[in-house]
Every structure is written in structure tokens, then in C-alpha cells.
Amino acid sequence: MSLKIALMPGDGIGPEVTDEAVRILTNVAEHAGRSFTFSTHAIGGAAIDTAGRGLPERTLEAALNADAVLLGAVGHPKFDGQKTAERPEAALLALRQALGGFANLRPAVCYPPLARRTAFQPERVKGASVLIVRELLGGLYFGEPRGFEASGNTAFNTLIYSRHEIERVAKVGFERARERRKKVASIDKANVLETSRLWRAVVSDVAKGYPDVELEHVYVDTAAMRLATAPASFDVMLCDNLFGDILSDQAASIAGSLGLLPSATVGGKVDLYEPVHGSAPDIAGKGLANPIGAIASAAMLLRFSARMDKEAGDIDHAIEDALAAGARTRDLAGPGERVLSTREMGQAIEEALNEVRDRKHCYHGV
Ligand code: NAD
């Protein structure tokens with residue numbers, strides 16, 4: 001059966017990096033004998049320009065009828081003066097809400113050939129591969145009541161979690177850990193917060209269903225320090241909405257460039273895959289964007305929405321091989337290194353992917 005993928009390239013560098021993700025998905029489909037159907041839809045500033053609104057009805061309908069959505073990025077400086085609700089970014093929030101994903105997955109990997117580029121000492125990040133699983137629909141960002149008191153001098157928010165909300169995201173964390181190094185670090189502040197005590201109790205209950213996965217509870221402040229000093233000690237980090245928001249950005253610095261980071265939002269009606277970066281108007285249309293975040297997002301799509309684990313793993317290897325062979329977009333290049341365009345980086349990864357497959361073929365054929 002064909003896998004229906006709704007493409008939403010969006011604005012700025014979004015279309016450029018999405019093209020390269022499609023290149024890789026098309027290659028995979030051809031070699032795996034699978035059929036992928038792509039349809040392209042406007043979102044963000046591109047949709048405001050052509051259809052008068054950031055999330056046109058037909059774009060939303062296409063997303064809801066797809067097996068997966070692959071998004072580029074939204075946002076353009078020309079909308080900066082607009083009211084929040086009329087900006088391209090509002091369309092992405094509305095799409096995420098309509099799809100209803102409750103778990104945001106953000107892997108951060110230190111690719112060995114780039115270890116020198118990270119914000120950390122190379123020997124600290126060596127071997128680091130962290131997956132942040134962040135609860136996305138609850139907690140402090142959505143709790144009611146919230147607001148300002150009449151004086152304007154006092155403001156308040158509500159941190160609230162139910163057993164159900166914690167249970168469902170914890171299951172995603174443990175399932176993902178099973179596919180990785182079988183370790184979950186559950187992040188909380190149980191020494192201070194009641195919600196964290198509930199979080200800890202529920203995660204411990206869920207862990208009983210996953211005896212093969214090792215669970216540790218880590219206070220968020222300790223986690224932040226450990227992420228900076230010994231990131232390789234983490235596998236899956238299971239976080240509530242607030243802690244996940246902060247720690248996922250911290251984890252991102254392991255990789256060395258914003259352009260490398262993929263994400264997936266799962267658990268709703270349709271899963272959504274997108275690179276972490278924005279539309280980067282400063283480099284849009286110049287062929288300077290790094291497509292690896294988008295390509296790695298496509299690999300996540302294969303893993304979670306198509307159950308094509310082997311092919312997803314091959315893409316991960318191909319990215320690493322291309323980097324090891326010296327492929328660099330401008331954000332990754334050191335002095336004197338040759339800079340590839342967005343398309344050339346996509347081509348380099350496609351060639352590396354073909355080689356990964358050939359190598360496996362030879363190995364199995366011997
Ligand atoms: P940004 O992520 O677009 O860019 C930040 C910096 O990183 C820029 O210098 C940019 O050139 C660089 N960069 C980003 N992606 C890159 C890539 N793939 N390759 C090489 N360099 C890359 O963030 P910003 O500048 O704060 O925001 C620009 C616009 O994007 C704004 O309108 C913002 O609201 C929007 N935005 C959208 C998303 C999204 O669509 N998910 C996320 C963040 C920001």
C-alpha cells in the first residue's frame with residue numbers, strides 16, 4: 001500500500017531542505033520497492049500570499065488525510081509587524097494542535113566528524129546520542145487558571161498534570177528506548193513539585209511494563225549539568241513540557257549546528273516531522289542551507305510512520321558517512337574546507353546511502 005506523505009515546504013529555506021528530504025525518500029522507496037505518494041501544500045507566509053491565510057482549509061485537510069506530514073519551516077520578516085494570530089508561525093501552531101501529537105521527539109547526536117564543532121569539549125560529547133521525549137500538550141504552558149491580577153503587578157500560571165497525560169508520553173519514551181540503548185532518564189523536580197511527584201510515581205508504574213528498560217529518576221537541575229558534562233550517559237530523556245523545552249535546546253548544542261537537528265511530533269491523528277530550525281531568511285534562496293535536519297526528519301518518518309527501521313538506519317549511516325568524507329555546508333565548514341550547496345549535500349548523502357546499501361549487499365553476499 002502506498003504511504004501518503006503531505007509535504008509542507010513553507011517559507012525561506014523550507015522548500016530547499018524539503019526537496020533534499022524528498023530526494024532521499026524517493027531513493028528509499030525505489031530501492032525498497034515501496035510506493036510513496038507525495039502531495040505539496042502551502043503553509044505559513046507562502047499560504048498567506050497565495051490563499052490569504054497561513055493554514056488554508058485544503059492544507060489542513062491534506063494533513064489530516066495523510067499518513068505523515070513532512071514540514072520545512074515557516075516565517076518571513078515581512079510579517080514581523082503583524083498581530084500574532086496573523087503571522088506564519090500561527091499556522092504551524094494551529095497545524096500541530098489540529099494533528100494533536102502529544103509527544104515531541106528530538107534526537108541530538110554528536111556526529112564524530114563534527115565533534116570539534118560542538119559547544120562542548122570534543123571528548124565530553126564523543127558518543128553522545130540523546131533522544132528527548134517531551135510532553136507537548138499539558139503542564140505549565142496550558143494549565144488554567146493563568147493570567148495577571150487586576151493590579152498588573154502579580155501574574156500566575158498553573159502547573160497541572162493528570163495520570164493519563166503522563167502515562168501516554170511515558171509509554172512513548174519506553175517504546176523508543178527499546179529501539180535504542182534501553183535506558184530512560186525521567187526528569188522531574190520531585191523534591192519541590194507535587195506534579196513531579198505524580199510524574200515520578202506514574203513513570204515508575206509504566207516502567208513495570210518494560211522490565212528490559214533501565215529507569216532512573218533525575219532532578220532537572222542535575223540533568224542540565226549532566227547534559228553539559230557527560231551527555232553520553234543519557235539515552236532517552238523523558239520530560240514534561242517545560243523541562244523538555246529547555247533541555248531539548250541544551251541537547252541541541254551537542255550537535256554543533258541548528259541545521260542538523262530533526263524532530264517528530266507523534267501520538268495524534270497524524271504524525272508530523274520537521275527540522276528544528278526556522279526559515280532562516282538570512283540565507284534563503286542562496287543554496288546555503290544545511291538539509292541534514294530535514295533529511296534526518298525524513299528518516300524519523302520512515303522509522304515511526306512507515307515501520308522501515310532498516311532504511312531509517314541506513315539514512316543515519318549515510319549522513320555520518322557523508323560527513324566523515326568531508327561533506328560540509330557553510331554552517332559546518334571550517335577554514336579552508338570546501339563548502340557544498342544544499343543540493344550538493346543532498347546528493348552527497350544520496351551517494352553515501354547507495355554505498356551503505358551496496359556494502360550491506362556485498363557483506364550478505366559473501
Ligand atoms: P532560524 O532557525 O531560522 O535561524 C537561526 C540561525 O540559524 C540563522 O543564522 C540561520 O541562517 C541559521 N540556520 C537555521 N537553519 C539552518 C540550516 N538548515 N542551515 C544552515 N543554517 C541554518 O531562526 P530565526 O532566525 O530566529 O527565525 C527565522 C524565522 O523562522 C522567524 O520568522 C521565526 O519565527 C521562524 N521559525 C520557524 C520555525 C519553524 O518553522 N519550526 C522554528 C523557529 C523559527
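One-based numbering, in listed order, for ligands and for the atoms of each.
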Quick one: does ligand 1 sit under 4.0 Å from the side chain of Glu274, the backbone, both or neither, non-hydrogen atoms only? side chain
Side chain, backbone, both or neither: His277 near ligand 1, heavy atoms under 4.0 Å: both
re atom 8 (C) of ligand 1, the protein heavy-atom contact at minimum distance is Asp282 OD2, 3.5 Å
Ser233 pairs by side chain to side chain donor-acceptor pair (under 3.5 Å) with which of Arg226, Lys183, Glu216? Arg226
Please work out whether any backbone atom (N, CA, C, O) or any side-chain heavy atom from C-beta onward of Val74 is under 4.0 Å from ligand 1, and answer side chain, backbone, both or neither. both
With heavy atoms of Ile13 as the reference, note each atom of ligand 1 found under 4.0 Å away. 15 (N), 16 (C), 17 (C), 18 (N)
If we number the atoms of ligand 1 from 1 as shown, the ones under 4.0 Å from a heavy atom of Ala280 are 3 (O), 10 (C), 11 (O), 14 (C)
Heavy atom of protein inside 4.0 Å of atom 19 (N) of ligand 1, strictly below: yes
What part of Pro281 sits under 4.0 Å from ligand 1 if we count only heavy atoms: the side chain, the backbone, both or neither? side chain
Determine, for Asp221 against Lys189, whether the closest basic-nitrogen to carboxylate-oxygen distance falls under 4.0 angstrom. yes
Arg328/Glu344 ion pair, N-O < 4.0 Å: no
Among Leu93, Leu92, Ile283, Val17, which one puts a heavy atom closest to atom 22 (C) of ligand 1? Ile283
What is the nearest protein non-hydrogen atom to atom 2 (O) of ligand 1, stated with its residue, atom name and distance? Gly278 N, 2.7 Å
Under 4.0 Å and counting heavy atoms only, is there anything from the protein next to atom 40 (O) of ligand 1? yes
Which of the numbered atoms in ligand 1 are under 4.0 angstrom from any heavy atom belonging to Ala73? 40 (O)
Side chain or backbone of Leu71 under 4.0 Å from ligand 1, or both, or neither, by non-hydrogen atoms? neither
Pairing of Asp235 and Arg180 as salt bridge, 4.0 angstrom limit: yes
Do the charged groups of Asp205 and Arg163 touch, with an N to O distance under 4.0 Å? yes
Any idea which part of Asn290 is under 4.0 Å from ligand 1, heavy-atom wise: side chain, backbone, both or neither? both
Tell me whether Arg303 is salt-bridged to Asp316, with the criterion being a basic N under 4.0 Å from an acidic carboxylate O. yes
Can a cation-pi geometry be assigned to Arg178 and Tyr210, taking NZ or CZ under 6.0 Å from the six-membered ring centre and within 45° of the ring axis? no
Please determine if Arg168 forms a cation-pi arrangement with Phe102, meaning its NZ or CZ atom is less than 6.0 Å from the six-membered ring centre and no more than 45° off the ring axis. yes
Subset of ligand 1 atoms that lie under 4.0 Å from at least one heavy atom of Gly259: 17 (C), 18 (N)
State whether the side chain of Asn65 and the backbone N or O of Glu61 hold a donor-acceptor pair below 3.5 Å, judged by distance alone. yes
Identity and distance of the protein heavy atom lying nearest atom 29 (C) of ligand 1: Ser279 OG, 3.2 Å
Thinking salt bridges, do Arg87 and Asp80 make one under a 4.0 Å N-O criterion? yes
Indicate yes or no: does Asp245 engage Arg106 in a salt bridge with an N to O separation below 4.0 Å. no
Min side-chain heavy-atom separation His41-Leu60 under 4.5 Å: no
Can you tell whether the side chains of Lys78 and Asp49 come within less than 4.0 Å, N to carboxylate O? yes
Heavy atom of the protein closest to atom 7 (O) of ligand 1 (residue, atom name, distance): Leu258 CD2, 3.7 Å
Non-hydrogen protein atom less than 4.0 angstrom from atom 15 (N) of ligand 1: yes
Atom indices of ligand 1, in the order listed, that fall short of 4.0 Å to a heavy atom of Ala289: 19 (N)
Within the structure, does at least one protein heavy atom fall under 4.0 Å of atom 24 (P) of ligand 1? no
For ligand 1, the portion of Thr329 having any non-hydrogen atom under 4.0 Å away: neither
Where the closest heavy atom to atom 31 (C) of ligand 1 is concerned, which of Met345, Lys286, Glu89 has it? Glu89
Salt-bridged, Arg200 to Asp188, with N to O below 4.0 Å? yes
I need the atoms of ligand 1 closer than 4.0 Å to a non-hydrogen atom of Gly75, numbered in the order shown. 32 (O)
